[in-house]
Amino acid sequence: MIELFTYDFMQRSLLAAAMVGGLCSVVGVFVVLRGLAFVGAGTAHAAFAGVALGYLMGWPPLVLAIIFGLATVWITGWVEEKGRMKLDVSIGILYTTTMALAILFIGLMKTYNAEVYGYLFGSVLSVTSDELRIIGGLSVLVLGLIVLFSKELYFIAFDQEMAEASGVPARRIFFLLLTLVALTVVVSLKTVGAILVFAMILIPASTAYQLTSSLRTLTLYSIVIGVTTAVAGVVISATWDVPSGPAIVLLATTVFFISVLFSPKRMKRAVQVHAH
Amino acid sequence: MSDSLEPIIRFDHASFGFPGVIALKDISLSINAGEFVGVIGPNGSGKTTLCRAILGLMAPVEGHLHIFDCACDALRCHHRAKIGYLPQKGVVDRNFPVTVLETVMMGRYGALGLFTRPGAKDRAIAMEALSHVEMDKHKDTALGHLSGGQQQRVFIARALAQQPKVLLLDEPTTGLDMTAQHNVIELIEHLHDELRLTIVLITHDINMIRSRVDRLVLLKTRLFASGPPAEVLKPDILSQVYGKDLVITDKDFIIVEDYHHHH
Ligand SMILES: Nc1ncnc2c1ncn2[C@@H]1O[C@H](COP(=O)(O)OP(=O)(O)OP(=O)(O)O)[C@@H](O)[C@H]1O
Ligand SMILES: [Mg+2]
């Protein structure tokens with residue numbers, strides 16, 4: 001098993017998994033706290049429709065994924081801001097529309113294209129050095145913006161209206177967060193796939209949520225869980241020859257359920273109930 | 001007493017609304033620095049809208065609003081930071097992972113502006129705000145583990161951490177038990193005396209604030225009265241706004257007479 005790590009492809013995929021795992025888990029903190037979980041899922045499918053259109057027309061798939069992803073989050077954010085529709089309704093409509101488009105684009109392709117399916121289910125073991133550079137670059141960009149605006153992002157996640165009222169440019173920060181979600185989804189698309197990227201965003205942060213009552217600790221736990229499960233998932237995938245995406249996500253889900261069982265928040269509640 | 005001071009909030013025939021709804025109509029009102037103003041009015045009378053207007057979250061559809069000598073359509077973030085705001089009680093997500101000190105530190109964020117990290121000075125300001133509301137012992141407690149009254153104190157501390165010139169409180173005692181209500185009002189009175197803050201306090205509890213405020217403002221979409229409590233709390237004025245069942249007892253308590261007594 002040790003010799004596995006000497007292969008170039010293995011080093012590349014471990015690095016990709018670590019970066020994607022870290023990125024998703026940090027963005028996931030704000031997604032979970034701000035209640036944008038469903039937006040992550042919708043964006044993933046929109047980005048996938050972009051990829052499908054790219055392959056159909058012979059345009060660069062990642063560029064179209066970014067365009068589709070950004071269009072989805074911005075429309076969603078705009079609709080929520082106007083207060084015309086609940087967020088889950090508008091994203092539900094966009095989600096199904098983009099999924100229908102993706103199926104349409106794939107149907108229009110003359111031949112079966114395995115690469116497109118790679119974006120649906122993820123193929124971290126086949127990540128190339130070029131892709132690694134793109135993932136690395138976008139990760140640095142997204143994480144840099146999060147560090148730069150972390151205090152504002154925490155504030156709008158807690159209470160956007162209060163943030164606005166106390167002099168934080170909350171609406172612009174909210175759109176920044178939506179943009180970061182879209183970029184994260186696109187970065188992760190090739191590695192974990194459109195279906196599972198949502199889990200990579202959601203699960204580490206939700207797991208950390210069970211374990212702490214402090215924002216700082218929450219972020220830290222989320223990163224540790226995200227990176228560890230992503231890397232361990234790749235190792236499991238390579239060792240036992242199982243698909244990487246499901247390996248990562250099922251591992252993370254297991255950690256999640258263990259954390260629910262041993263959650264201090266839950267324990268405290270149980271103690272309170274007994275005391276009454 | 002404060003009439004000689006310059007107004008820091010001035011509504012000039014200002015109207016505010018939402019699509020299809022006029023929430024405040026033709027309001028002319030000045031609030032002076034250091035004043036303690038109580039705002040009363042029935043549900044839907046535009047009290048919360050008045051707060052949102054003062055914060056510059058809504059621009060007037062007619063008329064003008066000046067805050068700190070700044071026309072409100074030009075109101076920028078750094079003006080908002082000078083107004084400490086306690087919103088009308090929403091539901092606090094008890095599971096939200098935030099400690100008391102982290103909550104109060106958020107009050108610093110608007111004043112600090114983008115790209116500036118809170119430092120030791122901001123921490124000291126937040127701790128001072130917490131000691132004003134006597135919650136400093138709980139700084140590391142999870143916000144969700146506090147009672148409603150304690151949470152309200154923490155949110156007041158967050159407003160104080162902005163080092164505001166004006167404190168805007170939207171029904172701070174709603175949902176609290178009688179002791180907690182009393183304590184919060186005493187705290188606000190104390191902050192007014194001690195920090196010389198301008199206070200705009202919205203409440204339904206006329207009896208609790210009537211002896212404490214400099215001025216009462218009575219709203220029902222329009223401004224019905226504004227003046228010392230004794231001048232505003234007259235049966236003929238109140239009945240215009242609250243209907244005829246309102247009576248003032250011989251002990252100066254305002255109650256709504258039981259409708260069924262007439263039958
Ligand atoms: N977001 C909104 N969209 C449309 N109309 C609104 C909105 N918020 C308030 N209104 C309307 O504006 C009017 C004033 O509402 P406001 O919340 O200011 O009343 P209030 O005096 O604070 O009432 P309460 O005592 O119940 O808190 C009401 O008629 C209300 O229906
Ligand atoms: Mg209100």
Side-chain angles (χ1 to χ4, degrees), chain A residues 29-30 32-35 81-84 144-173 176 205-222 259-260 263-269 271-272, chain B residues 18-19 48 51-52 54-58 75-88 90-103 105-118 122 139-146 155 158-159 161-164 168 170:
Chain A
V29 168
F30 301 101
V32 167
L33 294 180
R34 180 61 178 75
E81 191 159 277
K82 292 283 159 216
R84 299 254 166 79
L145 286 169
I146 287 179
V147 170
L148 208 54
F149 295 104
S150 60
K151 73 180 197 300
E152 284 81 13
L153 286 166
Y154 278 127
F155 202 168
I156 69 155
F158 182 47
D159 188 341
Q160 181 159 343
E161 195 179 341
M162 192 57 226
E164 182 88 48
S166 67
V168 169
R171 283 159 58 213
R172 268 176 280 165
I173 297 290
L176 173 72
S206 318
T207 309
Y209 195 101
Q210 301 295 324
L211 301 175
T212 172
S213 298
S214 156
L215 287 173
R216 239 161 249 292
T217 328
L218 176 78
T219 314
L220 197 70
Y221 285 2
S222 182
S259 80
V260 169
S263 162
K265 290 184 185 174
R266 219 157 281 272
M267 300 249 196
K268 193 155 232 152
R269 222 169 292 142
V271 170
Q272 279 166 357
Chain B
F18 303 91
T48 298
C51 284
R52 296 180 55 80
I54 291 174
L55 288 162
L57 297 173
M58 304 171 75
L75 195 74
R76 289 279 175 262
C77 291
H78 63 275
H79 290 104
R80 279 185 206 149
K82 288 194 235 164
I83 304 171
Y85 175 43
L86 182 75
Q88 191 163 357
V91 223
V92 177
D93 178 2
R94 285 200 169 261
N95 279 322
F96 198 97
V98 66
T99 64
V100 166
L101 184 59
E102 283 172 335
T103 309
M105 281 297 278
M106 288 179 188
R108 299 297 308 147
Y109 293 177
L112 281 174
L114 298 174
F115 313 116
T116 314
R117 301 205 154 266
D122 301 292
K139 72 180 171 68
D140 295 318
T141 310
L143 185 68
H145 291 173
L146 299 178
F155 290 136
R158 177 172 65 188
Q162 283 176 233
Q163 299 189 308
L168 202 56
D170 197 350

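Below, chain A is the first sequence line, B the second, and so on; all start at residue 1.
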Heavy-atom contact with chain B under 4.5 Å, split by part of A/L33: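 Both backbone and side chain.
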A/V147, part contacting chain B, at a heavy-atom distance under 4.5 Å: both
Are [X] and [Y] side-chain neighbours, meaning at least one heavy-atom pair lies under 4.5 Å?
X: A/S214; Y: B/V98; answer: no
X: B/F96; Y: A/L215; answer: yes
X: A/E161; Y: B/P87; answer: no
X: B/L112; Y: A/K151; answer: yes

Heavy atoms only: give me the nearest [X]-[Y] pair and the separation to one decimal.
X: A/S166; Y: B/Q162; value: CB-OE1, 3.3 Å
X: B/M106; Y: A/F158; value: SD-CD2, 3.5 Å
X: B/L55; Y: A/A165; value: CD2-O, 3.6 Å
X: B/R117; Y: A/S150; value: NH2-OG, 3.5 Å
X: B/P97; Y: A/L218; value: CG-CD2, 3.8 Å

Salt bridge present between A/E164 and B/R52 (N-O < 4.0 angstrom):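 Salt bridge flag = no for B/R52 with A/E164.
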Pair A/F149 + B/F115: ring centers closer than 6.0 Å: yes
Residue among B/D140, B/T103, B/T116, B/L168 with most heavy-atom pairs under 4.5 Å to chain A: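 Highest number of pairs under 4.5 Å: B/T116.
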Heavy-atom proximity to chain A below 4.5 Å, by part of B/R158: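 Side chain only.
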From OG1 (B/T99) to CZ (A/R216), nearest 0.5 Å: 9.5 Å
Distance (rounded to the nearest 0.5 Å) between B/L114 CG and A/I173 CD1: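 Separation between the atoms: 5.5 Å.
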Backbone N/O of A/G167 and side chain of B/Y109: donor-acceptor pair under 3.5 Å: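 No, because the side chain of B/Y109 does not come within donor-acceptor range (under 3.5 Å) of the backbone of A/G167.
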